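One structure below.
If you're wondering where the values come from, they're calculated on a predicted model, not measured in any experiment.
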Number of protein chains: 2
Amino acid sequence: MSAGPVLAIVGATGAVGTTMIDIINGRESVPWSDIRLIASPRSAGKVLQVRGQDITVRALAPEVFDGVDIAMFDVPDEVSAEWAPIAAARGAVAVDNSGAFRMDPDVPLVVPEVNAEKVTERPKGIIANPNCTTLSMMAAMGALHREFGLEALVVASYQAASGAGQGGVDRLYAELAAVAGKQVGNRGGDVAEALAEAGLDPADSPFPAPLALNVVPWAGSLKDDGWSSEELKVRNESRKILGIPDLKVSATCVRVPVVTTHSLAVHATFQREVTVEAAHKVLAAQPTIVLRDDPAAGEWPTPADAVGGDPTWVGRIRQALDFPRTLDLFLCGDNLRKGAALNTYEIAEEVARTL
Amino acid sequence: MSAGPVLAIVGATGAVGTTMIDIINGRESVPWSDIRLIASPRSAGKVLQVRGQDITVRALAPEVFDGVDIAMFDVPDEVSAEWAPIAAARGAVAVDNSGAFRMDPDVPLVVPEVNAEKVTERPKGIIANPNCTTLSMMAAMGALHREFGLEALVVASYQAASGAGQGGVDRLYAELAAVAGKQVGNRGGDVAEALAEAGLDPADSPFPAPLALNVVPWAGSLKDDGWSSEELKVRNESRKILGIPDLKVSATCVRVPVVTTHSLAVHATFQREVTVEAAHKVLAAQPTIVLRDDPAAGEWPTPADAVGGDPTWVGRIRQALDFPRTLDLFLCGDNLRKGAALNTYEIAEEVARTL
């Protein structure tokens with residue numbers, strides 16, 4: 001590694017941290033002179049390979065940030081709330097993927113395709129990475145907003161199990177093994193019974209209902225008036241990232257039995273006239289978007305296509321028949337990559353350019 | 001069986017026909033003096049039990065309708081198009097669950113909770129049963145429309161495999177068996193490869209992409225401007241059933257790896273002011289709706305709860321934060337029961353009352 005800033009990954013052994021390392025390993029070149037891996041004391045001492053070098057994971061402590069220029073955090077909200085300011089106080093720019101700082105007016109919320117310029121406005125030394133569901137549509141919505149002026153979004157999500165971390169992935173695989181080969185989920189048999197027979201206790205699940213052969217219209221915690229935290233994040237974070245404080249947003253967030261990649265059905269209303277052709281032109285010009293929109297040829301985005309890759313996949317773009325200046329569309333984005341690790345890393349690279 | 005009209009079930013051996021028989025077997029009493037089971041020549045001669053009686057399935061032919069008062073059809077569109085008029089010409093009222101007659105101005109499209117009175121307006125002797133996706137929300141939307149005046153619907157669907165018939169169910173079970181125990185659908189492994197290894201040919205699937213660990217934003221056939229037939233059915237059938245010719249509708253229809261029960265995320269705008277409390281009151285008063293809307297207690301509808309039952313489950317009712325007179329909600333309805341067999345049977349019973 002050449003001379004350059006020092007990067008730290010806090011939460012390096014988790015699902016998102018591991019994906020951050022995958023991304024760094026996959027890059028043709030990286031600007032970092034050194035990379036530190038940081039995790040809870042439980043994971044300290046593990047040795048992980050990063051670009052051919054063995055790096056020993058260190059336990060989270062104030063002094064591990066000394067000499068660090070940029071620290072990417074993927075840890076629970078309360079850990080970020082405590083430790084991102086400590087990293088910042090030790091001189092690092094903290095790029096945080098928790099919910100702790102996203103709506104803080106002194107913390108920019110950044111999607112490089114949309115508002116990369118905000119990375120320099122960081123009075124607290126902290127930059128926030130958006131929620132994975134919001135991120136699945138920001139590159140596309142940002143591009144369409146620049147051209148047509150976004151006014152309103154009605155969103156329904158199809159969210160993957162890995163949005164609930166490795167525990168969510170493990171649970172879905174375990175539930176699938178429990179129901180496979182059984183004629184359940186139909187008149188003949190009960191999913192919950194099949195899970196119980198396999199010894200899967202609902203109390204051990206990160207999901208509030210069976211996820212195999214089911215969909216669960218709940219993600220996050222309960223907020224005012226029946227809204228889930230996830231649904232309010234889609235609203236509030238979209239407004240902040242796009243810089244549209246009065247953007248109208250309604251979201252319904254639903255977990256589906258997909259391992260990784262969130263999908264969104266979006267009904268987007270613009271200030272100016274918009275056609276499918278014009279939207280295609282705008283989206284096809286975005287380097288981080290794969291436009292896959294030819295139903296006659298069986299082409300539309302699915303999670304199985306988008307998983308493991310960096311771009312957001314967009315398709316099923318239709319002009320709403322009864323709503324003026326409105327498009328209906330469908331998007332898929334890998335929630336561990338663009339939805340978390342990749343966007344966080346892209347922010348870190350943007351910051352590196354400003355140092 | 002007592003004196004009363006004669007009922008025929010055409011397509012008696014299919015997924016929906018079998019559910020029709022289940023419903024008849026489960027009823028405390030039925031008005032029919034005789035029940036005939038009719039299917040393709042391939043299934044003729046099979047013996048099925050209906051309310052304790054062995055009934056031999058007959059092959060579809062004009063004379064099987066002689067003496068029949070009401071014939072319920074669940075067969076492909078082209079079979080209905082040919083045979084429902086033949087049944088009507090022989091004196092039966094045809095209650096048809098195909099798409100052949102739904103938009104015919106001389107054929108009423110009926111959901112008993114919404115427009116039962118239309119069963120007497122049948123100049124062709126044919127009454128149509130709506131598409132299963134539309135049906136999942138009609139009882140609830142009809143009740144809310146009567147009270148608040150429905151103006152617009154933005155719908156995203158989470159449609160079950162059995163919407164594609166028994167072949168869809170079999171395919172989903174086969175795909176689940178092929179991926180169970182494998183770490184696919186994530187960075188580590190590819191769903192399509194796992195299906196290929198298990199010998200599952202994409203060409204044999206009723207779905208245009210893998211459904212296990214995936215969602216597929218396509219159902220039906222391609223219509224103008226990128227819309228799917230399923231999405232246009234939701235629009236056009238909702239307008240006809242609710243009697244709102246200018247109802248604004250945008251739907252995005254998505255298949256999910258659930259065996260049976262369609263779910264819908266609905267963003268519904270009304271002419272008059274509406275609150276969550278007022279909507280709760282209206283919906284709780286409907287005998288065919290289960291209101292399950294207490295997120296604090298972990299209560300919302302899921303397909304695994306609604307499957308195998310008659311009611312539509314409704315929950316997650318929220319007042320839209322940025323859209324006036326608008327509710328966001330989530331509904332689940334068994335697509336083989338209320339979405340097909342049950343509603344068709346309920347129409348048949350309504351007709352029986354008019355004979």
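When heavy atoms are compared at a cutoff of 4.5 Å, L232(A) approaches chain B solely by way of its side chain, counted from C-beta outward. For T275(B), no part sits under 4.5 Å from any heavy atom of chain A, backbone or side chain. At a 4.5 Å heavy-atom cutoff, the contact between V169(B) and chain A is made by side-chain atoms alone. Both the backbone and the side chain of P303(A) have a heavy atom closer than 4.5 Å to some heavy atom of chain B. For chain B, the nearby parts of V215(A) are the backbone and the side chain; heavy atoms of each come within less than 4.5 Å. No part of S221(A) comes within reach of chain B, as not one of its non-hydrogen atoms sits under 4.5 angstrom from that chain. Looking at V256(B), only its side chain comes within 4.5 Å of chain A, counting heavy atoms on both sides. Only the backbone of D225(B) comes within contact range of chain A, judged by heavy atoms closer than 4.5 Å. Looking at L153(B), the atoms closer than 4.5 Å to chain A (heavy atoms on both sides) all sit in the backbone: N, CA, C or O. With a 4.5 angstrom heavy-atom cutoff, T326(B) does not touch chain A via any of its atoms. Proximity to chain A is limited to the backbone of A15(B), based on heavy atoms less than 4.5 angstrom apart. Contacts between L222(B) and chain A at a heavy-atom distance below 4.5 Å involve the side chain alone, from C-beta outward. The contact between D22(B) and chain A is made entirely by side chain atoms (from C-beta outward), counting heavy-atom distances below 4.5 Å.
By the 30° and 60° cut-offs, the orientation of the rings of Y158(B) relative to Y158(A) is parallel.
Of all the listed residues (L329(B), N214(B), T19(B)), the one sharing the greatest number of non-hydrogen pairs under 4.5 Å with chain A is N214(B). Among A251(B), S263(B), P295(B), A320(B), the residue making the largest number of heavy-atom pairs under 4.5 Å with chain A is P295(B). Counting heavy-atom pairs closer than 4.5 Å to chain B, the top residue among D305(A), V249(A), D294(A) is V249(A). For the options V191(B), L172(B), D328(B), heavy-atom pairs under 4.5 Å to chain A are most numerous at D328(B). The candidate from A152(B), A161(B), S162(B), G185(B) with the greatest count of non-hydrogen atom pairs under 4.5 Å with chain A is G185(B). Across L176(A), V276(A), D293(A), the residue that shares the most heavy-atom pairs under 4.5 angstrom with chain B is L176(A). The greatest number of non-hydrogen atom pairs below 4.5 Å with chain A, out of L336(B), V254(B), L247(B), is found for V254(B). Per-residue heavy-atom pair counts under 4.5 Å with chain A were compared for A304(B), C332(B), G308(B), and the maximum is reached by A304(B).
Judged purely by atom type and a 3.5 angstrom limit, H262(A) has no side-chain atom pairing as donor or acceptor with the backbone of G333(A). In this structure a side-chain-to-backbone donor-acceptor pair under 3.5 Å is missing from R255(B) to P217(B).
Considering only heavy atoms from C-beta on, L213(B) stays 4.5 Å or farther from V258(A) through its side chain. When side chains are defined from C-beta on, E193(A) does not count as touching V184(A), because their heavy atoms never get closer than 4.5 Å. In this structure, the side chains of S229(B) and K223(B) come closer than 4.5 Å at one or more pairs of heavy atoms. Between W227(B) and C253(B) the shortest side-chain heavy-atom distance does not fall below 4.5 Å. Proximity of P208(B) to V216(B): side-chain heavy atoms (C-beta onward) are separated by under 4.5 Å at one or more points.
Applying the ring pair (Phe, Tyr, Trp, His ring centres under 6.0 Å) rule to W300(B) yields the partners W218(A); only residues at least two apart in sequence or on another chain are considered.
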Does the pair T133(A) and K233(A) meet the rule for a side chain to side chain contact (heavy atoms under 4.5 Å, CB included), with working shown?
CA-CA 8 Å; T133(A) 310; K233(A) 285 175 184 175; over 6 Å; no
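Here the rule is side chain to side chain contact (heavy atoms under 4.5 Å, CB included) with R337(B), and of T261(B), T312(B), D310(B) only D310(B) fits it.
With W313(B) as the aromatic partner, R292(B) does not meet the cation-pi criteria of under 6.0 angstrom to the ring centre and within 45 degrees of the ring axis.
Salt-bridge annotation for R316(B) and E231(A): present, with a side-chain N of the basic residue lying under 4.0 Å from a carboxylate O of the acidic one.
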